[in-house]
Peer 1: 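Take this structure, written in structure tokens, and hold onto it; I'll ask about it next.
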Amino acid sequence: MTALLQPLRQIIPFFNPNVLEWSAEARLLRWLTLLWLGIGLVVLFSASYPVADAEFGDGLYYFKRQILWAFLGLIGFSVLVRTPLRYVTSLAQWGYLLLVGVLLIVLIPGVGTTVNGATRWLAIGSLPLQPSELIKPLLVLQCATVFSNWSRLRWPTRLFWLGVFTLTVGGILLQPNLSTAALCGLAIWLIALTAGLPWLQMLATAGGGMVLALISIGSQDYQRRRIMSFLDPWADPMHDGYQLIQSLLAVGSGGLWGTGFGLSQQKLFYLPIQYTDFIFAVFAEEFGLVGSFLLLLLLLTYATFGLVVALKSPQAVQQLTAVGVTVFLVGQSLINIGVATGALPTTGLPLPLFSYGGSSLIASLILAGLLVRVAREGNEAEVVSLQARRQARNRGSRRSLPPPQPLP
Amino acid sequence: MTRVERMTTAVKPVSKVVGRKQTPRTVGQQHQAVVIMLFISAFLLGGIGTRLGYLQLVEGTQNQALAENNRVRLIPRSPVRGTLFDRRGRILGSSRLSHSAYVWPLAQRYETWDTTVTYLAKILNLPPEEIRQPVEAADYNDPTRVRIARDLTPAQITAIKEYGNLLQGVDVDIEHLRHYPHKQLAAHVLGYTGELNAEELEERREDGYRLGDIVGQMGVEESYETLLRGEWGGQQVEVDGAGKVVRILGQKSSKAGQDLMLTLDIDLQKAAEAALANRRGAVVAMNPNNGEVLAIASYPTFDPNIFSSRITEETWQKLQGQGNPFVNRALRGFPPASTFKVVTATAGMESGKYPPDTVLPTMAYLVVGGTAFGEWNRAGFGPMGYVRAMAWSSNTFHGQIGRGVGGPTLIDWARRYGFGSPTDIELKSESSGLIADDAWKREQFDWEWTVGDTVNMSIGQGFTQATPLQVAVMFSVPANGGYRVTPHLIKDDRGADNWRESMNLKPETIKILRDGLHAVVTSGTGNALNVGGIPSAAGKSGTAETGGNRPSHAWFGGYAPADKPEIVVVAFIEHAGGGGGKVAGPVVAKVLSAYFANK
């Protein structure tokens with residue numbers, strides 16, 4: 001019986017006994033992730049209850065599903081925490097190429113599911129998958145792999161991967177989903193920057209990205225309208241400015257201490273998509289400035305330790321992975337909160353570990369798992385349980401990452 | 001590759017480590033970039049923190065108030081409009097409960113609005129525009145609701161509740177509808193109520209009216225609006241996003257409007273309208289002693305109930321086809337014809353030029369300034385005094401008196417009788433009628449007042465215009481012994497002296513006038529009143545020429561009992577074509593007999 005329970009205990013993070021052997025950063029980041037997820041679930045419970053009750057007659061509809069996603073995500077988290085990064089990266093490139101393919105297939109008319117004018121979902125049975133979310137951890141891994149080996153790669157290989165990265169961002173942009181595309185582009189760029197790619201190339205890429213974004217905004221009517229409504233939401237309060245106004249009202253109503261858990265008024269159908277993109281507004285209304293500051297503190301701590309892990313990482317691939325994860329988790333949170341508070345134009349980015357959505361939640365937990373794994377590997381001496389396996393592997397193939405050849 | 005390397009080295013000496021020689025452990029160790037990122041994220045977090053502080057603390061109260069608007073709505077509670085009673089306490093106009101459909105502009109979402117309009121239009125059987133327009137015109141943040149339809153049928157109420165989840169922010173509520181149990185009876189006096197439109201709102205905004213409020217639009221409803229309206233109450237309710245009321249936060253009861261007792265008598269009003277018998281014209285019945293109006297009938301008429309709910313285009317066209325049904329003909333000016341001889345006789349006697357015992361010859365016609373004024377029998381009646389001249393309605397007798405006293409005196413007496421100015425009854429849009437004079441004629445025709453004009457006026461023709469109500473006031477003077485009364489519709493306890501003013505006539509003048517008017521009935525043109533059921537009456541007929549080839553107007557004014565008058569009745573029939581005594585006389589007779597039958 002205990003023999004059967006042992007592996008089970010290891011995949012449920014709360015009961016994993018090996019944690020005590022980890023490095024301090026790894027343990028802290030693990031707890032921060034679980035705390036973040038816990039708060040996220042609590043807030044989702046409050047934010048989604050009325051709308052779930054109205055739409056499905058079951059107030060727990062979204063919450064129950066989110067719990068299921070969280071469970072699946074935590075399994076992924078635990079597995080990744082216990083798997084050497086080297087092993088993960090070698091598999092990641094194939095997963096990444098597969099998802100880029102899916103991402104492009106979604107764009108074919110009739111394949112993807114269109115919601116609010118954007119084709120972002122691929123329905124597998126009744127399960128809507130959002131490849132642009134799921135691709136995030138794989139993108140981080142692949143970028144880390146490519147850029148950490150940048151100097152050793154030949155130009156065709158470099159160009160191949162740069163092409164795939166461009167395809168990824170472009171595919172997301174065409175959905176259209178400017179915010180996720182921009183975030184992915186930003187993450188790729190920051191990883192490359194950290195990898196020490198020449199500044200001039202970096203600046204040129206940044207300029208190119210900006211031009212691309214401007215073209216996208218110029219050609220997509222909905223993106224332009226969103227930007228305009230962000231500048232003056234009261235110009236058209238019934239239509240374009242509606243979401244933002246309701247979000248501002250929700251955040252503003254919170255005051256110093258908030259209205260209290262479950263007591264948000266704005267979530268009662270005034271604030272649209274209150275259980276996904278605007279979940280922060282509900283949080284801010286219920287927990288006020290104090291709660292919001294505590295959440296920002298959590299993010300700051302997370303960012304700090306994520307980057308500390310990056311600094312301490314012995315290998316470039318680890319460092320770049322840590323940077324990529326931090327950009328996706330913290331950066332995306334900042335953008336989401338910026339949108340909800342009217343500091344940024346309205347975009348459709350979920351708040352990691354808060355917003356309802358299986359793809360987003362699983363992707364976020366996998367990202368967090370990668371970071372914790374990097375943190376563990378940052379202090380090899382303490383990763384006792386896996387050392388033997390790791391050394392064996394390292395002996396067998398010192399250079400375990402042959403760069404994939406360009407597809408014919 | 002070497003080029004890249006050179007460039008990198010040149011730009012950034014620290015990154016010397018980038019290159020083939022690096023070990024996997026140190027490849028790409030760019031601590032600088034990571035530290036910069038840390039600073040940037042701290043900076044961004046600080047920026048968002050500041051923004052949050054601004055939203056939640058600095059603007060917090062304001063945002064809270066705005067969010068409150070989302071959930072707090074005001075449901076105005078209309079007061080019950082004051083009831084209108086007749087002089088015996090019978091209901092003329094009251095309120096009945098009905099169901100109205102409302103839409104909250106605040107609860108509408110862009111995505112669902114079209115659906116809501118489509119379904120609501122189908123249920124209410126309205127063009128979609130009539131739902132769309134008022135709601136979209138309302139202010140977005142207006143926490144009140146817009147009434148879409150009134151007087152719903154039970155089927156419509158059920159349908160709205162049934163499709164509740166498709167009809168976002170649609171409400172059914174009870175509302176008081178004005179109801180006139182006697183339908184078109186006294187419609188011109190009572191008036192009607194209707195929704196305040198945008199134009200009228202501008203004038204009434206200061207009195208606390210809102211678009212769609214019910215206001216009196218005519219008659220007593222309009223004149224006594226401030227009394228009848230009452231005080232609005234309201235409920236402050238909390239609603240969810242779908243506009244469903246969660247709980248009531250506060251309440252202020254509405255105060256019912258004041259009830260009004262009118263001087264009208266339903267029975268007499270019915271008799272007057274029946275006597276008019278769907279002929280164009282008007283009937284006025286009044287107490288000559290204190291000016292209490294007992295009945296005012298005007299035809300064509302309308303049913304004021306139709307304005308309480310939506311009027312269909314068809315109904316409206318049908319009404320308009322009748323020819324000005326909303327005009328109260330009792331308050332419009334027409335040539336008073338021979339009824340005006342009361343004024344001429346008064347002027348003759350009071351001026352002293354033609355004392356009561358005056359006897360003048362009458363003839364086939366009277367030539368004045370080259371124009372012949374013919375006697376209506378085309379022969380003349382021989383010499384006669386005031387009483388017989390009145391009884392036979394001699395044009396040449398009164399023409400001579402008019403010519404004798406002169407234009408200014410005649411005009412002066414016409415004005416003293418109240419002609420040429422409103423009677424001040426509490427109804428708006430009352431015509432003044434017209435008493436022309438030299439100045440008026442010069443202005444209108446660029447011609448001086450002539451003797452011919454005076455003679456014409458002395459027999460109630462020419463420029464002279466008088467409303468049936470003014471004529472009733474005129475007949476009240478001999479009836480009440482020389483007082484000019486102010487006709488009124490509100491029954492109050494104040495004595496008759498409040499409503500009348502002595503004209504300081506000589507007793508002999510009054511006596512001669514009364515004798516003359518009595519003689520009209522006993523031995524002259526007014527024998528239609530000489531019937532059973534009416535105490536001996538007095539009166540005067542009038543047949544007004546209308547110019548062109550159109551039939552003449554018929555007048556008859558009279559009072560009874562002749563010795564101690566209680567009621568004066570004036571009947572006027574437009575383009576009746578017959579003599580006043582024959583056509584209008586029986587109308588007065590019917591009203592009088594109804595009065596004395598019910599007394």
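Predicted, not measured: the structure shown is a model, and the values here were computed from it. Lettering follows sequence order; numbering is per chain, from 1. When reading the values below, keep in mind they use all heavy atoms of this one structure, side chains included, and skip hydrogens, waters and symmetry mates.
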Peer 1: Which region of A:V323, side chain (C-beta onward) or backbone (N, CA, C, O), has a non-hydrogen atom less than 4.5 Å from a non-hydrogen atom of chain B, or is it both or neither?
Peer 2: side chain
Peer 1: A side-chain contact here means heavy atoms from C-beta on lying under 4.5 Å apart; do B:L44 and A:V330 qualify?
Peer 2: no
Peer 1: If you measure from OG on B:S41 to CG on A:L299, what distance do you get to the nearest 0.5 Å?
Peer 2: 9.5 Å
Peer 1: Sort B:L38 into side chain, backbone, both or neither according to what part of it lies under 4.5 angstrom from a heavy atom of chain A.
Peer 2: both
Peer 1: Report the distance from atom CG of A:L295 to atom CG of B:L45, rounding to the nearest 0.5 Å.
Peer 2: 9.5 Å
Peer 1: Please tell me if the side chains of A:T194 and B:M37 come closer than 4.5 Å, counting only heavy atoms from C-beta onward.
Peer 2: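 Result yes, sub-4.5 Å side-chain heavy-atom pair found.
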Peer 1: For chain B, find which of A:S292, A:A343, A:A303 contributes the most heavy-atom pairs closer than 4.5 angstrom.
Peer 2: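 The candidate making the most pairs under 4.5 Å is A:S292.
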Peer 1: Ignoring hydrogens and geometry, is there a side-chain-to-backbone donor-acceptor pair from B:Q56 to A:L289 under 3.5 Å?
Peer 2: yes
Peer 1: Distance check, rounded to the nearest 0.5 Å: A:T341 atom OG1 versus B:L52 atom CG?
Peer 2: 5.5 Å
Peer 1: Using heavy-atom distances under 4.5 Å, tell me whether A:V308 contacts chain B through its side chain, its backbone, both, or neither.
Peer 2: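 Neither part.
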Peer 1: Where on A:F305 is there a heavy atom nearer than 4.5 Å to chain B: the side chain, the backbone, both, or neither?
Peer 2: neither
Peer 1: If you take all heavy atoms of B:V34 and A:A310, which pair is closest and at what distance?
Peer 2: CG1-CB, 4.2 Å
Peer 1: Once you round to the nearest 0.5 Å, how far does CD1 of A:I337 lie from CZ of B:R51?
Peer 2: 13.5 Å
Peer 1: Measuring from atom CD1 of B:I48 to atom CG of A:L334, what distance do you get when rounded to the nearest 0.5 angstrom?
Peer 2: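 CG of A:L334 is found 4.5 Å from CD1 of B:I48.
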Peer 1: Given heavy-atom pairs under 4.5 angstrom as the criterion, report whether the side chain, backbone, both or neither of A:A284 touches chain B.
Peer 2: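 Contact with chain B is through both the backbone and side chain of A:A284.
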Peer 1: Would you mind checking which part of A:L271 comes under 4.5 Å of any heavy atom in chain B, side chain (CB onward), backbone (N, CA, C, O), both or neither?
Peer 2: neither
